[in-house]
Q: 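Here it is, the structure, as C-alpha coordinates.
Values reported hereafter were calculated over all heavy atoms of this structure, with side chains retained and with hydrogens, waters and symmetry mates removed. Note that the structure is predicted; figures quoted are calculated from it, not measured.
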Amino acid sequence: MDFILMDPAGTKLHFPVNPQEVSIRREKKFETVNILSLGEIDFPQGEKVKEITFSSFFPKEYDMSYCRYEPVPDPQFAMNQLNTWMVDKKPVQLIITDTAVNVFVLVSSHVSTFRGGEPGDVYFDLTCRTWREVKIRTATDTSPSQRTDLKPVPKTYVVKSGDNLWKVAKLNLGSGSRLNEIYELNKDLIGPDPNQIYPGQELVMP
(Lines give C-alpha, C1' and ligand atoms only; values in the text may rest on other atoms or scores of the structure.)
Protein backbone atom coordinates (compact mmCIF):
# COMPACT_ATOMS: atom_id res chain seq x y z
CA MET A 1 0.00 0.00 0.00
CA ASP A 2 1.33 3.44 -0.97
CA PHE A 3 0.11 6.95 -0.09
CA ILE A 4 0.62 9.55 -2.84
CA LEU A 5 -0.40 13.17 -3.29
CA MET A 6 0.02 14.65 -6.77
CA ASP A 7 -1.00 17.95 -8.33
CA PRO A 8 -2.05 18.52 -11.98
CA ALA A 9 1.40 19.96 -12.77
CA GLY A 10 2.98 16.59 -11.93
CA THR A 11 4.52 17.45 -8.56
CA LYS A 12 4.26 14.29 -6.50
CA LEU A 13 4.75 13.52 -2.83
CA HIS A 14 5.09 9.84 -2.04
CA PHE A 15 4.80 9.37 1.71
CA PRO A 16 7.79 7.26 2.77
CA VAL A 17 6.17 5.78 5.91
CA ASN A 18 2.66 4.36 5.79
CA PRO A 19 0.21 5.57 8.45
CA GLN A 20 -1.04 3.01 10.93
CA GLU A 21 -4.62 3.96 10.10
CA VAL A 22 -6.69 6.21 7.85
CA SER A 23 -9.89 7.90 9.01
CA ILE A 24 -12.57 8.77 6.44
CA ARG A 25 -15.38 10.86 7.90
CA ARG A 26 -18.73 10.74 6.14
CA GLU A 27 -21.55 12.86 7.44
CA LYS A 28 -25.04 13.87 6.41
CA LYS A 29 -25.98 17.53 6.51
CA PHE A 30 -29.18 18.45 8.33
CA GLU A 31 -31.16 21.61 8.87
CA THR A 32 -32.77 21.61 12.32
CA VAL A 33 -36.09 23.40 12.75
CA ASN A 34 -37.76 23.93 16.12
CA ILE A 35 -41.53 23.48 15.84
CA LEU A 36 -43.41 24.50 18.99
CA SER A 37 -45.78 21.56 19.10
CA LEU A 38 -43.23 18.93 18.03
CA GLY A 39 -39.82 20.13 19.19
CA GLU A 40 -36.73 19.86 17.01
CA ILE A 41 -37.05 18.23 13.58
CA ASP A 42 -34.12 17.47 11.26
CA PHE A 43 -34.47 17.91 7.51
CA PRO A 44 -31.73 16.17 5.47
CA GLN A 45 -29.94 18.59 3.12
CA GLY A 46 -27.39 16.36 1.38
CA GLU A 47 -24.01 14.78 2.01
CA LYS A 48 -21.22 16.80 3.54
CA VAL A 49 -17.73 16.78 2.06
CA LYS A 50 -15.74 13.71 3.15
CA GLU A 51 -12.72 14.26 5.39
CA ILE A 52 -9.71 11.94 5.04
CA THR A 53 -7.27 12.07 7.93
CA PHE A 54 -4.06 10.20 8.65
CA SER A 55 -0.85 10.64 10.62
CA SER A 56 2.72 9.56 9.93
CA PHE A 57 6.20 11.08 9.78
CA PHE A 58 8.93 12.02 7.36
CA PRO A 59 12.21 10.38 8.50
CA LYS A 60 15.48 12.19 8.06
CA GLU A 61 17.27 8.91 7.20
CA TYR A 62 16.11 5.87 5.29
CA ASP A 63 15.32 2.80 7.37
CA MET A 64 14.37 -0.32 5.45
CA SER A 65 12.25 -1.62 8.33
CA TYR A 66 9.52 0.98 7.77
CA CYS A 67 10.39 3.15 4.73
CA ARG A 68 8.62 2.32 1.46
CA TYR A 69 11.43 3.48 -0.81
CA GLU A 70 14.75 5.27 -0.94
CA PRO A 71 16.01 7.91 -0.99
CA VAL A 72 13.40 9.48 1.27
CA PRO A 73 12.45 13.14 0.68
CA ASP A 74 13.89 15.83 2.89
CA PRO A 75 11.36 16.25 5.75
CA GLN A 76 11.39 20.03 5.57
CA PHE A 77 10.88 19.98 1.80
CA ALA A 78 7.96 17.57 2.18
CA MET A 79 6.26 19.72 4.82
CA ASN A 80 6.77 22.84 2.69
CA GLN A 81 5.10 21.06 -0.21
CA LEU A 82 2.08 20.19 1.92
CA ASN A 83 1.88 23.80 3.05
CA THR A 84 2.09 25.03 -0.55
CA TRP A 85 -0.84 22.85 -1.58
CA MET A 86 -2.85 24.03 1.41
CA VAL A 87 -2.23 27.72 0.66
CA ASP A 88 -2.88 27.32 -3.09
CA LYS A 89 -6.42 26.09 -2.40
CA LYS A 90 -6.24 23.97 -5.56
CA PRO A 91 -7.23 20.31 -5.74
CA VAL A 92 -4.58 17.58 -5.68
CA GLN A 93 -5.02 13.88 -6.30
CA LEU A 94 -4.87 11.53 -3.34
CA ILE A 95 -4.11 7.91 -4.19
CA ILE A 96 -4.01 5.09 -1.66
CA THR A 97 -3.06 1.98 -3.57
CA ASP A 98 -4.85 -1.31 -2.90
CA THR A 99 -7.93 0.69 -1.85
CA ALA A 100 -10.74 2.52 -3.63
CA VAL A 101 -9.29 5.92 -2.63
CA ASN A 102 -8.30 7.79 -5.79
CA VAL A 103 -9.90 11.21 -5.46
CA PHE A 104 -9.20 14.90 -5.80
CA VAL A 105 -8.92 16.64 -2.47
CA LEU A 106 -8.07 19.96 -0.89
CA VAL A 107 -5.37 19.93 1.76
CA SER A 108 -7.28 21.58 4.58
CA SER A 109 -4.82 21.28 7.49
CA HIS A 110 -1.57 19.71 8.60
CA VAL A 111 0.14 19.79 11.97
CA SER A 112 3.90 19.31 12.32
CA THR A 113 5.55 17.86 15.41
CA PHE A 114 9.23 17.59 16.29
CA ARG A 115 10.26 15.02 18.91
CA GLY A 116 13.26 15.09 21.15
CA GLY A 117 15.78 12.34 20.45
CA GLU A 118 14.76 12.11 16.80
CA PRO A 119 16.57 15.05 15.20
CA GLY A 120 15.48 15.84 11.67
CA ASP A 121 12.35 13.66 11.71
CA VAL A 122 9.02 15.50 11.26
CA TYR A 123 5.77 13.96 12.44
CA PHE A 124 2.52 15.22 10.95
CA ASP A 125 -1.26 14.99 11.11
CA LEU A 126 -2.86 15.60 7.70
CA THR A 127 -6.51 16.34 6.87
CA CYS A 128 -7.87 16.44 3.31
CA ARG A 129 -11.38 17.23 2.16
CA THR A 130 -12.80 15.75 -1.00
CA TRP A 131 -13.14 18.32 -3.77
CA ARG A 132 -16.29 18.90 -5.77
CA GLU A 133 -16.18 20.71 -9.07
CA VAL A 134 -18.70 23.52 -9.28
CA LYS A 135 -20.09 24.14 -12.75
CA ILE A 136 -21.57 27.58 -13.30
CA ARG A 137 -24.28 27.80 -15.89
CA THR A 138 -25.07 30.97 -17.80
CA ALA A 139 -28.32 32.40 -16.57
CA THR A 140 -31.08 32.44 -19.14
CA ASP A 141 -33.29 35.44 -19.70
CA THR A 142 -36.24 34.98 -17.37
CA SER A 143 -37.73 38.42 -17.94
CA PRO A 144 -41.42 38.45 -18.91
CA SER A 145 -41.97 38.22 -22.63
CA GLN A 146 -42.70 41.55 -24.23
CA ARG A 147 -45.98 42.21 -25.98
CA THR A 148 -45.81 41.37 -29.65
CA ASP A 149 -48.88 43.52 -30.25
CA LEU A 150 -47.59 47.03 -29.74
CA LYS A 151 -50.84 48.68 -30.80
CA PRO A 152 -51.64 51.29 -28.14
CA VAL A 153 -54.69 50.75 -26.00
CA PRO A 154 -57.19 53.46 -27.11
CA LYS A 155 -58.17 56.22 -24.70
CA THR A 156 -61.77 57.10 -24.21
CA TYR A 157 -63.74 60.24 -23.31
CA VAL A 158 -67.25 60.35 -21.84
CA VAL A 159 -69.34 63.13 -23.35
CA LYS A 160 -70.58 65.74 -20.91
CA SER A 161 -73.48 68.14 -21.15
CA GLY A 162 -72.65 71.05 -23.46
CA ASP A 163 -69.90 69.16 -25.34
CA ASN A 164 -69.44 69.10 -29.09
CA LEU A 165 -66.74 67.41 -31.15
CA TRP A 166 -64.78 70.65 -31.63
CA LYS A 167 -64.66 71.21 -27.87
CA VAL A 168 -63.74 67.59 -27.16
CA ALA A 169 -60.94 67.74 -29.77
CA LYS A 170 -59.64 71.03 -28.33
CA LEU A 171 -59.61 69.74 -24.75
CA ASN A 172 -58.13 66.33 -25.44
CA LEU A 173 -56.05 66.71 -28.61
CA GLY A 174 -55.02 70.37 -28.36
CA SER A 175 -56.80 71.48 -31.54
CA GLY A 176 -60.49 71.69 -32.41
CA SER A 177 -59.63 71.07 -36.05
CA ARG A 178 -58.95 67.40 -35.18
CA LEU A 179 -62.63 66.75 -34.58
CA ASN A 180 -62.84 64.69 -37.79
CA GLU A 181 -60.33 62.21 -36.33
CA ILE A 182 -62.65 61.63 -33.40
CA TYR A 183 -65.67 61.35 -35.68
CA GLU A 184 -64.06 58.74 -37.96
CA LEU A 185 -63.28 56.55 -34.94
CA ASN A 186 -66.80 56.88 -33.52
CA LYS A 187 -68.97 57.16 -36.65
CA ASP A 188 -71.01 54.09 -35.77
CA LEU A 189 -71.78 55.53 -32.33
CA ILE A 190 -72.42 59.15 -33.36
CA GLY A 191 -74.32 58.47 -36.58
CA PRO A 192 -74.35 60.54 -39.82
CA ASP A 193 -74.31 63.97 -38.14
CA PRO A 194 -70.99 64.75 -36.34
CA ASN A 195 -72.67 67.66 -34.58
CA GLN A 196 -75.03 65.37 -32.68
CA ILE A 197 -73.32 63.90 -29.62
CA TYR A 198 -75.03 63.24 -26.30
CA PRO A 199 -73.97 63.17 -22.64
CA GLY A 200 -72.89 59.71 -21.51
CA GLN A 201 -71.54 58.58 -24.88
CA GLU A 202 -68.07 57.05 -24.59
CA LEU A 203 -65.88 58.20 -27.45
CA VAL A 204 -62.70 56.43 -28.51
CA MET A 205 -59.93 59.02 -28.81
CA PRO A 206 -57.10 58.93 -31.43
Side-chain angles (χ1 to χ4, degrees), residues 5-9 23-53 83-94 100-110 126-206:
L5 275 177
M6 181 169 58
D7 64 24
S23 172
I24 301 178
R25 180 183 176 88
R26 299 176 179 86
E27 188 177 355
K28 190 91 172 163
K29 184 178 180 181
F30 292 92
E31 180 180 357
T32 302
V33 178
N34 195 337
I35 299 177
L36 291 178
S37 59
L38 298 175
E40 288 188 348
I41 296 179
D42 287 333
F43 292 93
Q45 300 294 309
E47 185 182 6
K48 286 187 175 181
V49 172
K50 296 183 183 71
E51 283 190 350
I52 303 174
T53 305
N83 190 64
T84 296
W85 283 332
M86 183 177 67
V87 173
D88 281 349
K89 302 178 183 178
K90 295 178 181 178
V92 293
Q93 189 175 8
L94 173 62
V101 178
N102 185 348
V103 293
F104 281 94
V105 299
L106 295 172
V107 177
S108 60
S109 70
H110 69 90
L126 181 67
T127 300
C128 299
R129 293 168 61 86
T130 51
W131 176 73
R132 294 175 182 170
E133 183 178 6
V134 178
K135 294 182 179 180
I136 301 176
R137 295 181 180 178
T138 303
T140 56
D141 184 9
T142 58
S143 59
S145 57
Q146 295 182 344
R147 288 177 54 214
T148 56
D149 179 12
L150 298 180
K151 183 178 179 181
V153 178
K155 295 178 292 183
T156 59
Y157 175 80
V158 178
V159 177
K160 299 179 179 62
S161 178
D163 280 346
N164 55 53
L165 284 186
W166 188 94
K167 182 178 179 182
V168 172
K170 177 67 175 177
L171 291 174
N172 292 274
L173 304 179
S175 173
S177 62
R178 297 185 64 184
L179 63 91
N180 285 332
E181 296 179 40
I182 301 175
Y183 178 66
E184 289 300 324
L185 290 174
N186 299 275
K187 186 181 293 185
D188 292 341
L189 175 66
I190 297 173
D193 187 355
N195 294 315
Q196 297 295 322
I197 59 174
Y198 302 96
Q201 289 179 316
E202 187 175 2
L203 306 177
V204 176
M205 304 300 292

Q: Could I get the full list of side chain to side chain donor-acceptor pair (under 3.5 Å) partners for Ser175, not counting sequence neighbours?
A: Ser177

Q: Lys167: what forms a salt bridge (Lys or Arg N to Asp or Glu O under 4.0 Å) with it, not counting sequence neighbours?
A: Asp163

Q: Enter the distance from Arg129:CZ to Leu106:CG here, rounded to the nearest 0.5 Å.
A: 8.5 Å

Q: Would you call Pro91 and Val105 a side-chain contact if the rule is heavy atoms closer than 4.5 Å?
A: no

Q: Can you tell me if Asn164 uses its side chain to pair, donor with acceptor, with the backbone of Trp166 under 3.5 Å?
A: yes

Q: According to the salt bridge (charged side-chain N to carboxylate O under 4.0 Å, His left out) rule, which pairs have a member within residues 196-206, sequence neighbours left out?
A: none

Q: To the closest 0.5 Å, what do you measure between CE (Met86) and OG (Ser109)?
A: 7.5 Å

Q: Please tell me if the side chains of His110 and Asn83 come closer than 4.5 Å, counting only heavy atoms from C-beta onward.
A: yes

Q: Quick one: does Thr130's side chain have a donor or acceptor within less than 3.5 Å of a partner on Lys50's backbone?
A: yes

Q: Using the side chain to side chain donor-acceptor pair (under 3.5 Å) criterion, which residues pair with Asn102? Sequence neighbours excluded.
A: Gln93

Q: Please test Phe104 against Val92 for side-chain contact (heavy atoms from CB on, under 4.5 Å), starting from the C-alpha separation and ending with a verdict.
A: CA-CA 5 Å; Phe104 281 94; Val92 293; 5.9 Å; no

Q: So Val101 and Leu94, do their side chains get closer than 4.5 Å, heavy atoms only?
A: yes

Q: Report the residues that fulfil side chain to side chain donor-acceptor pair (under 3.5 Å) with Gln201, sequence neighbours left out, ordered by chain and then residue number.
A: none

Q: Considering the options Val158, Leu165, Thr156, which one meets the side chain to side chain contact (heavy atoms under 4.5 Å, CB included) requirement together with Leu203?
A: Leu165

Q: What's the spacing between Glu181 CD and Asn186 CG if we round to 0.5 Å?
A: 12.0 Å

Q: Ignoring hydrogens and angles, write down the donor-acceptor pairs under 3.5 Å from the side chains of residues 187-200, residues two or more places apart or on other chains.
A:
unit_1 : atom_1 : unit_2 : atom_2 : d
Asp193 : OD1    : Asn195 : N      : 3.0
Gln196 : OE1    : Tyr198 : OH     : 3.3

Q: Do Ile182 and Met205 make a side-chain contact, defined as non-hydrogen atoms from C-beta onward lying under 4.5 Å apart?
A: yes

Q: How close do Trp85 and Met6 get, counting heavy atoms only, and between which atoms?
A: CH2-N, 4.4 Å

